[in-house]
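Please read the structure below before turning to the comments.
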Protein chains: 2
Amino acid sequence: MSPTVRRTTLAVDVVVLSPRSDTLAVLLVRTAVGARERWSLPWDAPQAAEGLEEAAARITTAALGAAPAYFEQVGALCDGRRHPGDADVSIGIAVLSPAGDGIPLEDAEWFPLAALPALAPRHRTVVDRAAAVVRQRVDQSPVAFRLLPPTFTLSDLQAVYQLLLGRRLHKASFRRALQASYLVEPTDEWRSEGRGRPAQLFRYAPKKRRGARRGVRFDLFSD
Amino acid sequence: MSPTVRRTTLAVDVVVLSPRSDTLAVLLVRTAVGARERWSLPWDAPQAAEGLEEAAARITTAALGAAPAYFEQVGALCDGRRHPGDADVSIGIAVLSPAGDGIPLEDAEWFPLAALPALAPRHRTVVDRAAAVVRQRVDQSPVAFRLLPPTFTLSDLQAVYQLLLGRRLHKASFRRALQASYLVEPTDEWRSEGRGRPAQLFRYAPKKRRGARRGVRFDLFSD
DNA sequence: TGACATTGGTGCCGAATTGGTACTAATTCG
DNA sequence: CGAATTAGTACCAATTCGGCACCAATGTCA
(Lines give C-alpha, C1' and ligand atoms only; values in the text may rest on other atoms or scores of the structure.)
Protein backbone atom coordinates (compact mmCIF):
# COMPACT_ATOMS: atom_id res chain seq x y z
CA MET A 1 0.00 0.00 0.00
CA SER A 2 1.66 3.23 -1.03
CA PRO A 3 0.82 6.55 0.54
CA THR A 4 -1.69 8.94 -0.96
CA VAL A 5 -2.35 12.55 -0.26
CA ARG A 6 -5.49 13.90 1.33
CA ARG A 7 -6.89 17.37 1.24
CA THR A 8 -6.39 19.47 4.31
CA THR A 9 -7.10 23.05 5.25
CA LEU A 10 -3.93 25.02 5.78
CA ALA A 11 -3.26 28.45 7.22
CA VAL A 12 -0.15 30.59 7.23
CA ASP A 13 -0.04 32.48 10.53
CA VAL A 14 2.37 35.37 10.60
CA VAL A 15 4.06 36.74 13.69
CA VAL A 16 5.47 40.14 12.83
CA LEU A 17 8.00 41.11 15.45
CA SER A 18 9.55 44.50 15.98
CA PRO A 19 11.34 46.21 18.84
CA ARG A 20 9.06 48.87 20.23
CA SER A 21 10.09 51.09 23.10
CA ASP A 22 12.19 48.59 25.03
CA THR A 23 10.08 45.52 24.39
CA LEU A 24 9.39 43.18 21.54
CA ALA A 25 6.03 43.86 19.94
CA VAL A 26 3.73 41.72 17.83
CA LEU A 27 1.41 42.97 15.13
CA LEU A 28 -2.21 41.89 15.58
CA VAL A 29 -5.24 42.57 13.42
CA ARG A 30 -8.79 43.19 14.54
CA THR A 31 -11.10 40.29 13.81
CA ALA A 32 -14.55 40.42 12.29
CA VAL A 33 -17.40 41.33 14.61
CA GLY A 34 -18.78 38.21 16.28
CA ALA A 35 -15.51 36.30 16.39
CA ARG A 36 -14.61 34.72 19.73
CA GLU A 37 -11.58 36.98 20.12
CA ARG A 38 -11.21 40.59 19.14
CA TRP A 39 -7.65 40.18 17.85
CA SER A 40 -5.71 37.60 15.87
CA LEU A 41 -2.43 37.15 14.09
CA PRO A 42 -2.48 38.16 10.44
CA TRP A 43 -3.12 34.95 8.54
CA ASP A 44 -4.44 33.51 5.31
CA ALA A 45 -4.38 30.37 3.24
CA PRO A 46 -1.58 30.18 0.70
CA GLN A 47 -2.79 30.83 -2.80
CA ALA A 48 -2.20 28.32 -5.55
CA ALA A 49 1.44 28.09 -6.63
CA GLU A 50 2.52 30.50 -3.95
CA GLY A 51 5.50 29.76 -1.75
CA LEU A 52 5.13 29.98 2.01
CA GLU A 53 7.32 33.03 2.26
CA GLU A 54 5.48 34.69 -0.58
CA ALA A 55 2.27 34.10 1.32
CA ALA A 56 3.84 35.49 4.50
CA ALA A 57 5.04 38.54 2.58
CA ARG A 58 1.60 39.14 1.15
CA ILE A 59 -0.07 38.77 4.54
CA THR A 60 2.45 41.07 6.19
CA THR A 61 2.10 43.70 3.52
CA ALA A 62 -1.64 43.68 4.00
CA ALA A 63 -1.30 44.37 7.70
CA LEU A 64 1.81 46.51 7.95
CA GLY A 65 1.91 48.26 4.62
CA ALA A 66 5.52 47.27 4.07
CA ALA A 67 7.10 44.23 2.48
CA PRO A 68 9.14 42.34 5.06
CA ALA A 69 12.77 41.54 4.46
CA TYR A 70 13.32 38.54 6.63
CA PHE A 71 11.49 35.37 7.61
CA GLU A 72 12.13 32.66 10.11
CA GLN A 73 10.05 29.50 10.00
CA VAL A 74 8.45 28.61 13.27
CA GLY A 75 7.13 25.25 12.18
CA ALA A 76 3.85 23.56 11.51
CA LEU A 77 1.22 23.09 14.18
CA CYS A 78 -1.46 20.51 14.10
CA ASP A 79 -2.54 20.20 17.66
CA GLY A 80 -6.25 20.11 18.15
CA ARG A 81 -6.38 23.71 19.34
CA ARG A 82 -8.74 26.21 17.85
CA HIS A 83 -7.66 28.39 14.95
CA PRO A 84 -9.63 31.49 13.96
CA GLY A 85 -10.32 29.99 10.55
CA ASP A 86 -10.55 26.43 11.80
CA ALA A 87 -7.60 25.38 9.69
CA ASP A 88 -6.41 21.84 10.28
CA VAL A 89 -2.77 22.80 10.09
CA SER A 90 -1.05 26.10 10.79
CA ILE A 91 2.33 27.08 9.51
CA GLY A 92 3.83 29.75 11.72
CA ILE A 93 6.20 32.24 10.19
CA ALA A 94 8.06 34.89 12.10
CA VAL A 95 8.64 38.09 10.17
CA LEU A 96 11.20 40.53 11.48
CA SER A 97 10.50 44.18 10.98
CA PRO A 98 13.13 46.83 11.69
CA ALA A 99 12.39 49.18 14.54
CA GLY A 100 10.13 51.96 13.33
CA ASP A 101 9.55 50.46 9.91
CA GLY A 102 6.06 50.45 8.41
CA ILE A 103 2.86 51.86 9.77
CA PRO A 104 0.17 49.42 10.83
CA LEU A 105 -2.88 49.69 8.62
CA GLU A 106 -6.33 50.55 9.82
CA ASP A 107 -7.20 47.37 11.67
CA ALA A 108 -3.74 46.45 12.86
CA GLU A 109 -1.93 47.39 16.03
CA TRP A 110 1.31 46.62 17.89
CA PHE A 111 1.11 44.82 21.23
CA PRO A 112 4.01 44.16 23.58
CA LEU A 113 4.82 40.49 23.64
CA ALA A 114 4.32 40.45 27.39
CA ALA A 115 0.86 42.00 27.27
CA LEU A 116 -1.11 40.39 24.49
CA PRO A 117 -4.90 40.39 24.40
CA ALA A 118 -6.82 37.11 24.25
CA LEU A 119 -6.03 35.11 21.13
CA ALA A 120 -7.34 31.89 19.69
CA PRO A 121 -5.41 29.09 21.43
CA ARG A 122 -3.58 28.04 18.29
CA HIS A 123 -2.43 31.61 17.69
CA ARG A 124 -1.27 31.88 21.25
CA THR A 125 0.94 28.84 20.69
CA VAL A 126 2.27 30.21 17.43
CA VAL A 127 3.27 33.47 19.07
CA ASP A 128 5.00 31.70 21.92
CA ARG A 129 6.88 29.44 19.60
CA ALA A 130 7.84 32.29 17.32
CA ALA A 131 9.32 34.21 20.20
CA ALA A 132 11.17 31.14 21.42
CA VAL A 133 12.54 30.39 17.97
CA VAL A 134 13.75 33.91 17.39
CA ARG A 135 15.39 34.03 20.80
CA GLN A 136 17.08 30.70 20.32
CA ARG A 137 18.45 31.61 16.92
CA VAL A 138 19.87 34.95 17.92
CA ASP A 139 23.41 33.72 17.61
CA GLN A 140 22.95 31.52 14.55
CA SER A 141 20.79 33.73 12.37
CA PRO A 142 21.14 37.42 11.61
CA VAL A 143 17.95 37.90 13.58
CA ALA A 144 19.09 40.92 15.54
CA PHE A 145 20.24 42.75 12.43
CA ARG A 146 16.84 42.33 10.84
CA LEU A 147 15.22 44.10 13.74
CA LEU A 148 17.29 47.19 13.05
CA PRO A 149 17.51 49.68 10.17
CA PRO A 150 20.28 49.16 7.60
CA THR A 151 22.63 51.28 9.67
CA PHE A 152 22.66 51.31 13.43
CA THR A 153 24.89 52.05 16.37
CA LEU A 154 26.55 49.36 18.40
CA SER A 155 24.48 50.42 21.37
CA ASP A 156 21.32 49.84 19.31
CA LEU A 157 22.59 46.40 18.41
CA GLN A 158 23.43 45.57 21.98
CA ALA A 159 20.00 46.75 23.11
CA VAL A 160 18.33 44.37 20.63
CA TYR A 161 20.47 41.49 21.82
CA GLN A 162 19.52 42.30 25.38
CA LEU A 163 15.86 42.41 24.43
CA LEU A 164 16.05 39.04 22.76
CA LEU A 165 18.17 37.36 25.38
CA GLY A 166 16.44 38.98 28.30
CA ARG A 167 19.60 39.85 30.17
CA ARG A 168 22.28 42.48 30.39
CA LEU A 169 25.41 42.11 28.32
CA HIS A 170 28.86 43.39 29.09
CA LYS A 171 29.71 46.24 26.72
CA ALA A 172 33.37 45.52 26.14
CA SER A 173 32.85 41.77 25.76
CA PHE A 174 29.99 42.33 23.36
CA ARG A 175 32.10 44.53 21.15
CA ARG A 176 35.11 42.23 21.33
CA ALA A 177 33.01 39.28 20.21
CA LEU A 178 31.38 41.33 17.48
CA GLN A 179 34.75 42.49 16.24
CA ALA A 180 36.00 38.94 16.06
CA SER A 181 32.94 37.84 14.12
CA TYR A 182 33.40 40.15 11.15
CA LEU A 183 29.65 40.66 10.95
CA VAL A 184 29.52 44.44 10.80
CA GLU A 185 31.53 47.14 9.18
CA PRO A 186 31.67 50.81 10.13
CA THR A 187 30.22 53.45 7.86
CA ASP A 188 31.66 56.95 7.94
CA GLU A 189 28.47 58.38 9.35
CA TRP A 190 27.85 59.29 12.93
CA ARG A 191 24.60 59.83 14.71
CA SER A 192 23.97 62.40 17.37
CA GLU A 193 21.14 61.17 19.55
CA GLY A 194 20.26 64.20 21.64
CA ARG A 195 22.81 64.43 24.42
CA GLY A 196 25.97 62.45 24.77
CA ARG A 197 28.77 61.66 22.40
CA PRO A 198 27.68 60.79 18.86
CA ALA A 199 27.90 57.11 17.93
CA GLN A 200 29.40 55.68 14.79
CA LEU A 201 26.96 53.93 12.50
CA PHE A 202 27.60 50.37 11.37
CA ARG A 203 26.05 48.17 8.76
CA TYR A 204 25.53 44.43 8.66
CA ALA A 205 28.12 43.07 6.26
CA PRO A 206 29.12 39.51 7.15
CA LYS A 207 32.49 38.40 5.85
CA LYS A 208 33.76 34.94 5.23
CA ARG A 209 35.53 33.58 8.21
CA ARG A 210 37.08 30.25 8.91
CA GLY A 211 34.79 28.23 11.14
CA ALA A 212 37.29 27.98 13.96
CA ARG A 213 34.76 27.18 16.61
CA ARG A 214 35.80 25.82 19.91
CA GLY A 215 34.47 23.57 22.59
CA VAL A 216 30.94 22.31 22.88
CA ARG A 217 28.41 24.18 24.91
CA PHE A 218 25.74 22.15 26.59
CA ASP A 219 23.07 24.80 26.60
CA LEU A 220 20.11 22.53 27.05
CA PHE A 221 17.23 23.90 28.96
CA SER A 222 16.09 21.86 31.87
CA ASP A 223 12.85 20.68 30.30
CA MET B 1 -12.45 40.79 3.41
CA SER B 2 -11.49 38.20 5.97
CA PRO B 3 -9.30 35.20 5.20
CA THR B 4 -10.72 31.82 4.31
CA VAL B 5 -9.09 28.44 4.18
CA ARG B 6 -8.49 26.46 1.03
CA ARG B 7 -7.87 22.78 0.63
CA THR B 8 -4.33 21.70 0.01
CA THR B 9 -2.53 18.40 -0.26
CA LEU B 10 -0.15 17.83 2.59
CA ALA B 11 2.54 15.26 3.23
CA VAL B 12 4.53 14.43 6.33
CA ASP B 13 8.03 13.45 5.22
CA VAL B 14 10.05 11.68 7.87
CA VAL B 15 13.83 11.68 8.10
CA VAL B 16 14.84 8.89 10.45
CA LEU B 17 18.41 9.47 11.54
CA SER B 18 20.66 7.03 13.33
CA PRO B 19 24.40 6.71 13.84
CA ARG B 20 25.61 3.77 11.79
CA SER B 21 29.23 2.73 11.75
CA ASP B 22 30.83 6.15 12.05
CA THR B 23 28.36 8.07 9.91
CA LEU B 24 24.84 9.37 10.22
CA ALA B 25 22.40 7.21 8.28
CA VAL B 26 18.94 7.92 6.90
CA LEU B 27 16.19 5.38 6.51
CA LEU B 28 14.77 5.18 2.98
CA VAL B 29 11.97 3.04 1.60
CA ARG B 30 11.75 1.44 -1.82
CA THR B 31 9.20 3.12 -4.06
CA ALA B 32 6.60 1.46 -6.24
CA VAL B 33 7.77 0.13 -9.56
CA GLY B 34 7.55 2.81 -12.20
CA ALA B 35 8.29 5.75 -9.91
CA ARG B 36 10.92 8.20 -11.09
CA GLU B 37 13.22 7.30 -8.21
CA ARG B 38 13.78 3.92 -6.64
CA TRP B 39 13.94 5.30 -3.10
CA SER B 40 12.14 7.91 -1.06
CA LEU B 41 11.75 9.10 2.49
CA PRO B 42 9.00 7.39 4.43
CA TRP B 43 6.00 9.67 4.11
CA ASP B 44 2.24 9.84 4.24
CA ALA B 45 -0.61 12.27 4.62
CA PRO B 46 -1.72 12.90 8.17
CA GLN B 47 -4.97 11.14 8.98
CA ALA B 48 -7.94 13.04 10.26
CA ALA B 49 -7.52 14.30 13.81
CA GLU B 50 -3.96 13.06 13.97
CA GLY B 51 -1.18 15.25 15.29
CA LEU B 52 1.95 15.73 13.21
CA GLU B 53 4.09 13.77 15.61
CA GLU B 54 1.54 11.01 15.77
CA ALA B 55 1.70 10.82 12.01
CA ALA B 56 5.49 10.79 12.09
CA ALA B 57 5.42 8.03 14.70
CA ARG B 58 3.06 5.96 12.61
CA ILE B 59 5.14 6.42 9.48
CA THR B 60 8.34 5.58 11.31
CA THR B 61 6.86 2.49 12.86
CA ALA B 62 5.78 1.29 9.45
CA ALA B 63 9.31 1.58 8.10
CA LEU B 64 11.49 0.77 11.09
CA GLY B 65 9.31 -1.49 13.17
CA ALA B 66 9.92 0.57 16.28
CA ALA B 67 8.14 3.56 17.72
CA PRO B 68 10.46 6.55 17.81
CA ALA B 69 11.09 8.43 21.01
CA TYR B 70 12.13 11.82 19.78
CA PHE B 71 11.11 14.26 17.06
CA GLU B 72 12.53 17.49 15.81
CA GLN B 73 10.51 19.61 13.41
CA VAL B 74 12.34 20.55 10.28
CA GLY B 75 9.72 22.90 8.94
CA ALA B 76 7.26 23.14 6.14
CA LEU B 77 8.32 23.22 2.52
CA CYS B 78 6.29 24.60 -0.28
CA ASP B 79 8.78 25.27 -2.98
CA GLY B 80 7.71 24.15 -6.39
CA ARG B 81 9.93 21.07 -6.29
CA ARG B 82 8.63 17.63 -7.05
CA HIS B 83 7.36 15.42 -4.26
CA PRO B 84 6.83 11.68 -4.78
CA GLY B 85 3.12 12.07 -4.04
CA ASP B 86 2.86 15.52 -5.61
CA ALA B 87 1.86 17.05 -2.31
CA ASP B 88 1.57 20.82 -2.36
CA VAL B 89 3.18 21.18 1.04
CA SER B 90 5.62 18.95 2.86
CA ILE B 91 6.20 18.98 6.56
CA GLY B 92 9.60 17.56 7.34
CA ILE B 93 10.12 15.79 10.64
CA ALA B 94 13.41 14.44 11.86
CA VAL B 95 13.12 11.33 13.99
CA LEU B 96 16.09 10.29 16.06
CA SER B 97 16.67 6.60 16.49
CA PRO B 98 19.25 5.25 18.95
CA ALA B 99 22.19 3.45 17.45
CA GLY B 100 21.26 -0.13 16.73
CA ASP B 101 17.58 0.31 17.57
CA GLY B 102 14.95 -1.22 15.33
CA ILE B 103 15.34 -3.35 12.26
CA PRO B 104 14.32 -1.86 8.93
CA LEU B 105 11.32 -3.66 7.47
CA GLU B 106 11.28 -5.38 4.14
CA ASP B 107 11.40 -2.40 1.82
CA ALA B 108 13.45 -0.09 3.98
CA GLU B 109 17.19 0.37 4.20
CA TRP B 110 19.77 2.61 5.88
CA PHE B 111 21.90 4.88 3.70
CA PRO B 112 24.81 7.00 4.88
CA LEU B 113 23.89 10.66 4.74
CA ALA B 114 26.86 11.31 2.51
CA ALA B 115 25.94 8.65 -0.03
CA LEU B 116 22.25 8.82 -0.71
CA PRO B 117 20.68 7.48 -3.88
CA ALA B 118 18.64 9.74 -6.14
CA LEU B 119 15.59 11.17 -4.39
CA ALA B 120 12.73 13.36 -5.51
CA PRO B 121 13.99 16.95 -5.33
CA ARG B 122 11.67 17.88 -2.48
CA HIS B 123 12.87 14.91 -0.44
CA ARG B 124 16.44 15.83 -1.12
CA THR B 125 15.77 19.27 0.36
CA VAL B 126 14.00 17.79 3.36
CA VAL B 127 16.94 15.53 4.13
CA ASP B 128 19.43 18.35 3.85
CA ARG B 129 17.38 20.58 6.08
CA ALA B 130 16.83 17.83 8.61
CA ALA B 131 20.55 17.22 8.88
CA ALA B 132 21.22 20.93 9.19
CA VAL B 133 18.56 21.37 11.87
CA VAL B 134 19.79 18.47 13.93
CA ARG B 135 23.37 19.66 13.70
CA GLN B 136 22.47 23.19 14.65
CA ARG B 137 20.44 22.10 17.67
CA VAL B 138 23.03 19.79 19.10
CA ASP B 139 23.73 22.07 21.99
CA GLN B 140 20.19 23.26 22.60
CA SER B 141 18.27 20.03 22.31
CA PRO B 142 19.06 16.63 23.78
CA VAL B 143 19.63 15.49 20.21
CA ALA B 144 22.80 13.55 20.86
CA PHE B 145 21.28 11.62 23.74
CA ARG B 146 18.41 10.47 21.54
CA LEU B 147 20.85 8.91 19.14
CA LEU B 148 22.18 6.67 21.88
CA PRO B 149 20.71 3.87 24.00
CA PRO B 150 19.45 4.76 27.48
CA THR B 151 22.90 4.10 28.92
CA PHE B 152 26.10 4.88 27.12
CA THR B 153 29.74 5.61 27.73
CA LEU B 154 31.18 9.09 27.57
CA SER B 155 33.23 8.02 24.58
CA ASP B 156 30.03 7.01 22.81
CA LEU B 157 28.57 10.39 23.58
CA GLN B 158 31.63 12.21 22.38
CA ALA B 159 31.63 10.17 19.18
CA VAL B 160 28.04 11.23 18.47
CA TYR B 161 28.89 14.85 19.09
CA GLN B 162 31.80 14.54 16.72
CA LEU B 163 29.57 12.94 14.11
CA LEU B 164 27.06 15.73 14.37
CA LEU B 165 29.53 18.56 14.55
CA GLY B 166 31.88 17.10 12.00
CA ARG B 167 35.03 17.82 13.93
CA ARG B 168 37.23 16.42 16.66
CA LEU B 169 36.58 17.42 20.23
CA HIS B 170 39.06 17.64 23.05
CA LYS B 171 38.41 14.85 25.52
CA ALA B 172 39.13 16.66 28.74
CA SER B 173 37.28 19.80 27.68
CA PHE B 174 34.30 17.77 26.57
CA ARG B 175 34.05 16.05 29.90
CA ARG B 176 34.59 19.24 31.85
CA ALA B 177 31.76 20.94 29.99
CA LEU B 178 29.53 17.92 30.40
CA GLN B 179 30.25 17.79 34.11
CA ALA B 180 29.34 21.44 34.48
CA SER B 181 26.09 20.93 32.62
CA TYR B 182 24.58 18.35 34.97
CA LEU B 183 23.07 16.52 32.01
CA VAL B 184 24.22 13.00 32.76
CA GLU B 185 24.60 10.88 35.84
CA PRO B 186 26.73 7.79 36.25
CA THR B 187 25.18 4.38 36.69
CA ASP B 188 27.04 1.71 38.62
CA GLU B 189 27.46 -0.41 35.53
CA TRP B 190 30.59 -0.72 33.46
CA ARG B 191 30.98 -1.96 29.95
CA SER B 192 33.90 -3.92 28.65
CA GLU B 193 34.21 -3.33 24.94
CA GLY B 194 36.73 -5.90 23.78
CA ARG B 195 40.15 -4.62 24.68
CA GLY B 196 41.00 -1.63 26.78
CA ARG B 197 39.79 -0.47 30.15
CA PRO B 198 36.04 -0.84 30.73
CA ALA B 199 34.04 2.38 30.57
CA GLN B 200 31.49 3.53 33.07
CA LEU B 201 27.94 3.78 31.75
CA PHE B 202 26.00 7.01 32.10
CA ARG B 203 22.40 7.94 31.60
CA TYR B 204 20.79 11.15 30.42
CA ALA B 205 19.33 12.80 33.51
CA PRO B 206 19.24 16.58 33.15
CA LYS B 207 19.10 18.50 36.41
CA LYS B 208 17.88 21.97 37.06
CA ARG B 209 20.65 24.46 36.82
CA ARG B 210 20.73 28.18 37.09
CA GLY B 211 20.95 29.68 33.63
CA ALA B 212 24.27 31.36 34.29
CA ARG B 213 25.17 31.77 30.66
CA ARG B 214 27.93 34.03 29.62
CA GLY B 215 28.78 36.25 26.71
CA VAL B 216 27.16 36.22 23.33
CA ARG B 217 28.53 34.10 20.57
CA PHE B 218 28.12 35.36 17.05
CA ASP B 219 28.01 32.00 15.36
CA LEU B 220 26.38 33.13 12.16
CA PHE B 221 27.27 31.24 9.08
CA SER B 222 28.60 33.32 6.25
CA ASP B 223 25.50 32.98 4.09
C1' DT C 1 53.24 -14.81 33.53
C1' DG C 2 54.73 -10.58 32.15
C1' DA C 3 55.53 -7.01 28.55
C1' DC C 4 52.60 -4.46 25.46
C1' DA C 5 48.74 -2.58 23.04
C1' DT C 6 44.44 -0.38 23.72
C1' DT C 7 40.92 2.24 25.64
C1' DG C 8 39.16 5.01 29.76
C1' DG C 9 39.83 8.88 32.76
C1' DT C 10 42.33 12.81 35.17
C1' DG C 11 45.95 16.45 36.51
C1' DC C 12 48.59 20.13 35.26
C1' DC C 13 49.90 24.33 33.04
C1' DG C 14 50.44 27.98 29.63
C1' DA C 15 47.39 30.50 26.58
C1' DA C 16 43.23 32.54 25.43
C1' DT C 17 38.80 34.51 26.81
C1' DT C 18 35.83 36.85 29.94
C1' DG C 19 33.79 40.48 32.71
C1' DG C 20 34.50 44.18 35.90
C1' DT C 21 36.29 48.83 36.88
C1' DA C 22 37.94 52.72 35.48
C1' DC C 23 39.30 55.70 32.27
C1' DT C 24 39.09 58.96 28.01
C1' DA C 25 36.17 61.21 24.25
C1' DA C 26 32.55 63.98 22.38
C1' DT C 27 28.56 66.11 22.72
C1' DT C 28 24.18 68.82 25.03
C1' DC C 29 22.37 71.51 28.69
C1' DG C 30 22.34 75.22 31.88
C1' DC D 1 32.65 76.96 31.59
C1' DG D 2 31.26 72.78 34.29
C1' DA D 3 27.93 69.00 34.98
C1' DA D 4 25.55 65.40 32.81
C1' DT D 5 25.20 61.96 29.39
C1' DT D 6 26.40 58.65 26.03
C1' DA D 7 30.31 56.30 23.23
C1' DG D 8 34.30 53.76 23.16
C1' DT D 9 38.72 51.73 25.18
C1' DA D 10 42.51 50.08 28.41
C1' DC D 11 43.80 47.48 31.91
C1' DC D 12 43.60 43.44 34.95
C1' DA D 13 42.14 39.57 37.74
C1' DA D 14 39.60 35.46 37.35
C1' DT D 15 38.01 31.92 34.72
C1' DT D 16 38.05 28.76 30.97
C1' DC D 17 40.25 26.19 27.21
C1' DG D 18 43.16 22.96 24.91
C1' DG D 19 47.28 20.36 24.61
C1' DC D 20 50.21 17.05 26.78
C1' DA D 21 51.29 13.76 29.91
C1' DC D 22 50.17 10.66 33.01
C1' DC D 23 47.73 6.84 35.60
C1' DA D 24 44.16 2.87 35.42
C1' DA D 25 42.18 -1.32 33.83
C1' DT D 26 41.62 -4.61 30.66
C1' DG D 27 42.80 -8.02 26.57
C1' DT D 28 46.60 -10.02 23.65
C1' DC D 29 50.39 -12.50 22.76
C1' DA D 30 54.89 -14.19 23.24
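Throughout, a chain's letter reflects where its sequence line sits, starting with A, and its residues are numbered from 1.
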Mind calculating the distance between [atom1] ([X]) and [atom2] ([N]) to the nearest angstrom?
| X | N | atom1 | atom2 | result |
| --- | --- | --- | --- | --- |
| B/Arg191 | D/dT26 | CZ | C1' | 15 Å |
| A/Arg168 | C/dT18 | CZ | C1' | 19 Å |
| B/Arg217 | C/dG19 | CZ | C1' | 14 Å |
| B/Arg175 | D/dG18 | CZ | C1' | 15 Å |
| A/Gln200 | D/dG8 | CD | C1' | 10 Å |
| A/Gln158 | D/dT6 | CD | C1' | 13 Å |
| A/Leu178 | C/dG19 | CG | P | 15 Å |
| B/Phe174 | D/dG19 | CZ | P | 15 Å |

Is there a side-chain contact between A/Leu119 and A/Trp39 (heavy atoms, below 4.5 Å)? yes
Is there a donor N/O on one and an acceptor N/O on the other, under 3.5 Å, for the side chain of A/Arg176 and the base of C/dG19? yes
Decide yes or no, distance alone: a donor-acceptor N/O pair under 3.5 angstrom between the base of D/dG27 and the side-chain of B/Arg197. no
Output yes when at least one side-chain N/O atom of A/Ser192 is less than 4.0 Å from OP1 or OP2 of C/dT27, else no. no
Using a cut-off of strictly less than 4.0 Å, decide whether A/Ser173 has a side-chain nitrogen or oxygen near OP1 or OP2 of C/dG19.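 For C/dG19, OP1 or OP2 has a side-chain N or O of A/Ser173 closer than 4.0 Å.
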Name the orientation class of the two ring planes belonging to A/Tyr161 and A/Phe174 (parallel below 30°, tilted from 30 to 60°, perpendicular beyond 60°).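 The arrangement is perpendicular - the two ring planes meet at more than 60°.
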Under 6.0 Å between ring centres: does that hold for A/His83 and A/Trp43? yes
Could you work out which one of C/dT21, C/dG8, D/dC20 sits closest to the side chain of B/His170?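 Nearest to the side-chain atoms of B/His170, counting from C-beta on, is D/dC20.
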Measure from the side-chain heavy atoms of B/Arg195 and tell me the nearest of C/dG8, D/dA10, C/dT7. C/dT7
So A/Ser155, base contact, sugar-phosphate only, or nothing? Heavy-atom distance under 4.0 Å. sugar-phosphate
Where each residue is assigned the nucleotide of DNA chain D containing its nearest heavy atom, which of B/Lys171 and A/Val216 is assigned the position nearer the 5′ end?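 Going by which nucleotide is closer to the 5' end, it is A/Val216.
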Chi angles and distances behind the salt bridge (charged side-chain N to carboxylate O under 4.0 Å, His left out) call for A/Asp101, A/Arg146: CA-CA 11 Å; A/Asp101 231 39; A/Arg146 303 311 177 185; over 6 Å; no
Upstream residue (5' side of DNA chain C) when A/Ala172 and A/Pro198 are each assigned their closest nucleotide: A/Ala172
Are any side-chain N or O atoms of B/Ser97 and backbone N or O atoms of B/Val16, one a donor and one an acceptor, separated by less than 3.5 Å?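 The answer is no, because no donor-acceptor pair under 3.5 Å joins these two groups.
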